[in-house]
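Just so it is clear: chains get the letters A, B, ... in the order the sequence lines come, proteins before strands, and each one is counted from 1. In this text the structure is predicted, and so the values were computed from the model without any measurement.
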Amino acid sequence: MPELPEVETTRRGIAPHLTGHTVADVIVRHPQLRWPVPRGLAGKLRGCIIQAVERRAKYLLLRFGHGTLILHLGMSGSLRLIDAGAPAAKHEHFDLVLDTGRALRLTDPRRFGAVLWTRNDPAQHELLRDLGPEPLGDNFDADYLYLASRKRTTAIKLFIMDSKVVVGVGNIYASEALFRAGIHPGRAAGSLSHERCARLVAAIRQVLHEAIRQGGTTLRDFTGGDGKPGYFAQELRVYGRAGEPCTACGATIKQMRQGQRSTYYCPRCQR
DNA sequence: CTTTGCACCTGTTGGC
DNA sequence: TGCCAACAGGTGCAAA
């Protein structure tokens with residue numbers, strides 16, 4: 001479900017309800033997520049104040065004075081604020097109960113998400129340590145992408161989805177950015193000129209910025225922490241549009257598989 | 001080192 | 001209505 005814009009939308013939705021508030025309890029109903037939810041979280045967090053809600057890649061970081069709770073939504077996860085004690089439906093695996101009478105509830109049918117704890121700097125956590133730059137940060141620019149892609153034979157779509165190259169570009173926005181940059185998704189990463197790398201960087205940044213501005217993309221049931229859906233779906237130019245006409249040239253949008261994922265592109269606009 | 005494919009898990013959709 | 005295959009927005013890991 002969530003790519004970076006959805007995670008960021010979630011972060012912005014939940015942060016005001018968490019920051020500065022105290023944890024009253026932690027309820028783990030189903031500890032088997034991608035990794036087991038660590039035991040003893042309630043004892044570790046009860047009475048502690050959430051100092052900040054940050055994001056690195058698609059990980060949400062709830063900072064406490066003595067460590068950080070790391071949340072990931074996987075493919076199907078979402079976070080909502082609910083009234084504490086509200087009955088839990090199926091797949092509602094985890095609650096962070098606040099002293100405000102509300103709780104942050106994690107729902108995740110496929111359980112590819114994660115709830116982890118680190119007492120150290122989360123940037124040094126093994127899952128975060130080797131991540132590439134943030135796509136919306138200053139370190140992600142044309143020079144970087146050009147240099148990183150030299151001699152790489154992998155398809156450019158897979159390359160920009162590689163979290164060691166740049167984080168946060170998921171399957172929807174990879175297709176969308178490549179369309180906006182006019183680059184064929186199957187082209188070898190190393191074959192891009194510096195100028196085309198610049199176009200691609202700009203397209204990635206633009207599409208992610210715009211998606212965040214629209215509150216993310218809601219294809220099935222994504223909602224931000226406030227329960228509102230994302231409106232970027234109406235801006236999608238190629239994703240999910242196989243067989244429909246290209247918005248730019250009218251050619252038929254095609255679908256192919258790359259790395260067991262669907263890729264959508266315009267065979268005329270993208271080279 | 002890079003590249004490729006699988007694995008984790010459940011739900012939805014579409015064809016027959 | 002039922003059954004089954006294919007697919008779904010992520011990503012760590014093993015194998016080639």
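Salt bridge status for Glu195(A) with Arg199(A): absent, with no side-chain N to carboxylate O gap under 4.0 Å. Classification of Arg63(A) and Glu54(A) as a salt-bridged pair holds, one side-chain N sitting under 4.0 Å from a carboxylate O. Ion pair Glu6(A)/Lys58(A) not flagged as a salt bridge, since none of the NZ, NE, NH1 or NH2 atoms sits closer than 4.0 Å to an Asp/Glu carboxylate oxygen.
The base of dA8(C) has none of its N or O atoms less than 3.5 Å from a complementary donor or acceptor on the side chain of Arg261(A). No hydrogens or angles were tested; on distance alone, nothing pairs the side chain of Arg152(A) with the base of dT2(B) as donor and acceptor under 3.5 Å.
For Thr154(A), the listed nucleotide lying nearest its side chain is dT4(B); candidates were dC7(C), dT4(B), dG12(C). Residue Arg257(A) has its side chain nearest to dA8(C) when only dT11(C), dA8(C), dG12(C) are considered. Residue Pro109(A) has its side chain nearest to dG11(B) when only dG12(C), dG5(B), dG11(B) are considered. When distances run from any side-chain atom of Arg111(A) to the nucleotides dC9(B), dG10(C), dA8(C), the shortest one goes to dC9(B). Comparing atom distances between the Lys58(A) side chain and each of dG12(C), dA8(C), dT11(C) picks out dT11(C) as nearest.
The separation between Gln258(A) atom CD and dG5(B) atom P is 12 Å, rounded to whole Å. The distance from atom CD of Glu92(A) to atom P of dT10(B) is 16 Å, rounded to the nearest whole Å. Rounded to whole Å, the distance from CZ on Arg150(A) to C1' on dC1(B) is 18 Å. The separation between Ile156(A) atom CD1 and dT3(B) atom C1' is 15 Å, rounded to whole Å. Taking atom CG of residue Leu33(A) and atom P of nucleotide dG10(C), one finds them 17 Å apart after rounding to whole Å. Rounding to whole angstrom units, CG of residue Asp108(A) and P of dC9(B) are separated by 12 Å. Following rounding to the nearest Å, Met161(A) (CE) and dT4(B) (C1') show an atom-to-atom distance of 14 Å. Between Leu73(A) atom CG and dC8(B) atom C1' there is a gap of 16 Å when expressed in whole angstrom units.
Between dA8(C) and Ser76(A), no contact under 4.0 Å exists linking OP1 or OP2 to a side-chain N or O. For Tyr59(A), a side-chain nitrogen or oxygen approaches OP1 or OP2 of dG12(C) to under 4.0 Å. The shortest distance between the side-chain N/O atoms of Ser163(A) and the OP1/OP2 oxygens of dG10(C) is not below 4.0 Å. Within the structure, a side-chain polar atom (N or O) of His72(A) is placed less than 4.0 Å from OP1 or OP2 of dT11(C).
When each of Arg110(A) and Glu126(A) is assigned the nucleotide of DNA chain C with its nearest heavy atom, Arg110(A) is the one assigned upstream, toward the 5' end. Heavy-atom nearest nucleotides on DNA chain B were determined for Thr153(A) and for Gln260(A), and the one closer to the 5' end corresponds to Thr153(A).
Lys90(A) comes within contact range of the sugar-phosphate backbone alone, with a heavy-atom separation under 4.0 Å but no base atom that close. Note on Phe232(A): nothing from the nucleic acid sits closer than 4.0 angstrom, heavy atoms only.
Residues Leu208(A) and Leu178(A) fall within the same hydrophobic cluster, defined by Ile, Leu, Val, Met, Phe, Trp and Tyr side chains chained together at heavy-atom separations under 4.5 Å.
Nucleotide dC9(B) forms a pair with no other nucleotide shown, judged by Watson-Crick or G-U wobble geometry with both contacts under 3.5 Å.
Using bins of under 30°, 30° to 60° and over 60° for the plane-to-plane angle, the ring pair His30(A)/His93(A) lands in the perpendicular bin.
Remark: ring of Phe112(A) does not overlap the six-membered base ring of dC9(B) in a stacked fashion, as centroids less than 5.5 Å apart with planes less than 30° apart are not both met.
Taking the P atoms as reference points, dC3(C) lies 24 Å from dC9(B), given to the whole Å.
Rounded to the nearest 0.5 angstrom, Asp95(A) CG and Arg105(A) CZ are separated by 4.0 Å.
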